[in-house]
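Notes to accompany the following structure.
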Amino acid sequence: MQIKVYSTLTRQKEDFQTFQPGKVGMYVCGPTVYKPSHVGHMVGPVIFDTIKRFLSYLDYQVNFVVNITDVDDKLIVESKKQNTTVTELAERVTADYLSNLKKLQVTGIDHFPRATHYIGEILSMINGLIEKGFAYASNGDVYFDVSKDDDYGKLCNRDPEQLEAGARIEVNDRKRNAGDFALWKGAKPGEPMWDSPWGPGRPGWHIECSAMSMKLLGESFDMHGGGLDLQFPHHENELAQSESYSGKTFARYWLHNGLMKTGDKKMSKSEGNEIVVTELLKKHQPETLRYLLLSSHYRSPIEYSEDRLLELRRTLDSFYRFFDRVKRICGKSFYDVSTPLKFVPAPKGHSAFMGEIYKLRDAFLDAFADDFNSGGALGTLHEFLTTLNRFADQAKLETAEGNPGAKGEFLSAVTVLREITQILGLFIEPQESAGPQGNNQLMDGVMRLLIDIRADARKSKNFPLADLVRKRLAELNITLEDRPDETGWRVGP
RNA sequence: GGCCCCUUCGCCAAGUGGUAAGGCCGCGGAUUGCAAAUCCGCUAUCCCCGGUUCGAAUCCGGGAGGGGCCUCCA
């Protein structure tokens, strides 16, 4: 299977090839930890976590790094505002970030390097850049000299000459060119600082990503990701300083995810329109958010809205109902169906039904292999659902007529579904609020009682009473489902 | 002013040269005592105008509308 990747560097889809056979180095820019994460911060991690799952499924060994920038002007300002230290603030916000990722089933990140843990690497890289003539010290600061880098601007099509015309660049007479950017910033009193050959100070914004990615993934690695808003200046500068330093290709593919929007505008801390993840998760389950992030192509912007989340929840509910059905048929929870995250070709001599299932799996994988088109892949997920439900209906698996052979086949198909949902990182474990059944014994008992009373009423054709029970339960947001041999119930419409 | 990107059914969203996946909503049918759930069926020629081609939502040119970046930002 040939994977295609769109790279910002070439602005086209390319055949995916790794530097080392079977191994993938992946670096994604994480947050500056000065404010709790908002929904936009989850986009990259969820997308790239899914990409890693997919690549692992195809037997690649993926090393996935997401940095934490824990020293920066904004941290200094915010910590003063909160009357705390930079360290305390950074730790608190990092904990929030990590816990959100965990809830969203972002489990594939191998390293979360902190900028402050790599000061040594940063200093030696700056030193190297100065020695090679790409950087210069100036009054306690160190700047990267864009005029020394022939292909500066290649990622975003920026002409360094024109940067001067921008006039939005900070005026600073310590710089030689308007486009020069700080590798090291001299510290003012009271600011976090580390000793350096140029005096006490702290790293500039971009250098930590270069230093940490090189340390953890090598001078050349395969994929570099981040939000579209990081293309310039962050990634441009990161690329420039890295390749100037090593003389090698820094990252082969640059992938930029679309930005989360609220009310037609980009969601960002500076716009002040951000939806804080922990707030959102008070009203919606994490899986709904993960589903939202995967429902469109990663390069498109995603419109955030409450209605959309509610709509997607309805979509997910049909999966949860199906899982309930699986349990009734197979006596086994979908969540306990175990299958390795590994591609295995379809066995020979399968039934027509399993043929359909494998065809759907192929469609899913083809969509995903084409620039990680999760939206297209999700389309086939729904076709899985319909195909499986149809089979269960036709083979009458929930009645005495359902034969064991058909049930076995059904379970095989469910296993294939499980296989691909693992790639998506969906339906990994039951969602707390998704359970169609209550989770306490008293409730179960009372419901059993009401259902039995209603069953008696139905048997004696006392439909007004039967309907009254159902109607009153509906008013309590409980829905009854009469199935061939029993009546089930769930909370919700 | 410069650099990118987007515009597909009421809403969301795949499709990047061969005659429009999927989801939500809606409608009809099967099933049901009636519902619910499930299944089956129905609902678009792709912002506009030119061009290339046997053939374009898909390529090229122009126009309209929207978004991102050029300052911190996932």
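A, B, ... follow the sequence lines: proteins, then strands. Residue 1 opens every chain. Computed from a predicted structure; not experimentally measured.
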Output yes when a side-chain donor or acceptor of [X] lies under 3.5 Å from a complementary backbone atom of [Y], and no otherwise.
X: Q231(A); Y: L155(A); answer: no
X: S213(A); Y: S210(A); answer: yes
X: E236(A); Y: G153(A); answer: yes

(Q) Once hydrogens and angles are ignored, does a donor-acceptor distance under 3.5 Å link the base of G2(B) to the side chain of D159(A)? (A) no
(Q) On the side chain of R470(A), is there an atom forming a donor-acceptor pair with the base of C34(B) - under 3.5 Å, no angle test? (A)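 Side chain to base: pair present.
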Q: For nucleotides G51(B) and A14(B), find the distance between their C1' atoms and express it as a whole number of Å.
A: 28 Å
Q) With rounding to whole Å, what would you report as the distance between C46(B) and C59(B) at their C1' atoms? A)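 The answer is 16 Å between these two C1' atoms.
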Q. What heavy-atom pair brings P493(A) and N477(A) nearest, and what distance separates the two atoms?
A.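 Minimum heavy-atom separation between P493(A) and N477(A): N-OD1, 3.6 Å.
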Q) For the residue pair F16(A) and Y253(A), does the interplanar ring angle fall in the parallel (under 30°), tilted (30 to 60°) or perpendicular (over 60°) class? A) tilted
Q | Whether F232(A) and Y152(A) hold their rings parallel, tilted or perpendicular, with breakpoints at 30° and 60° | A | perpendicular
Q: May I ask you to say whether R458(A) pairs ionically with D482(A), meaning some side-chain N is under 4.0 Å from a carboxylate O?
A: yes
Q. Are D141(A) and R174(A) close enough for a salt bridge, meaning some N to O gap below 4.0 Å?
A. yes
Q. NA contact type, M42(A), heavy-atom cut-off 4.0 Å: base, sugar-phosphate, or nothing?
A.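 Here M42(A) touches no strand at all.
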Q) What is the nucleic acid contact for G227(A), judged by heavy atoms within less than 4.0 Å: base, sugar-phosphate only, or nothing? A) sugar-phosphate
Q) Who passes salt bridge (charged side-chain N to carboxylate O under 4.0 Å, His left out) against K283(A), sequence neighbours left out? A)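 K283(A) satisfies salt bridge (charged side-chain N to carboxylate O under 4.0 Å, His left out) with E306(A) once adjacent residues are dropped.
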Can a side chain N or O of [X] be found less than 4.0 Å away from OP1 or OP2 on [N]?
X: K471(A); N: C34(B); answer: no
X: R321(A); N: U38(B); answer: yes
X: R314(A); N: C25(B); answer: yes

Q | Pairs flagged by ring-ring contact (aromatic ring centres under 6.0 Å, His included) wherever residues 377-398 of chain A is involved - sequence neighbours left out | A |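 The answer is F319(A)-H382(A), F353(A)-F391(A).
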Q.
I'd like to know whether NZ of K35(A) has more than 12 heavy-atom contacts from other residues, nucleotides or ligands below 6.0 angstrom.
A.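 Result for NZ/K35(A): enclosed.
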Is a donor from one side chain sitting under 3.5 angstrom from an acceptor on the other, for [X] and [Y]?
X: Q82(A); Y: R92(A); result: yes
X: T94(A); Y: R114(A); result: no
X: R252(A); Y: S7(A); result: no

Q | Nucleotide paired to U45(B) in any strand shown, Watson-Crick or G-U, under 3.5 Å | A | none
Q | Pairing partner (Watson-Crick or G-U wobble, both distances under 3.5 angstrom) of C39(B) | A |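 For C39(B), the partner nucleotide comes out as G29(B), under the 3.5 Å rule.
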Q | Close residues, residues 72-79 of chain A, relative to RNA chain B [heavy-atom separation under 4.0 Å] | A |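 K74(A) - these, ordered by number, are the residues of the stretch whose heavy atoms sit under 4.0 Å from the strand.
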**Q.** Residues in contact with RNA chain B, drawn from residues 380-389 of chain A - heavy-atom cutoff 4.0 Å
**A.** H382(A), E383(A), T386(A), N389(A)
Q.
Protein within reach of the bases, or only the backbone? For nucleotides 4-19 of chain B, mark each nucleotide 5' to 3' as B, S or -, using heavy atoms under 4.0 Å.
A. SS------SSSS----
Identify all pairs in which a protein N or O lies below 3.5 Å from an N or O of nucleotides 28-30 of chain B, and state each distance.
none

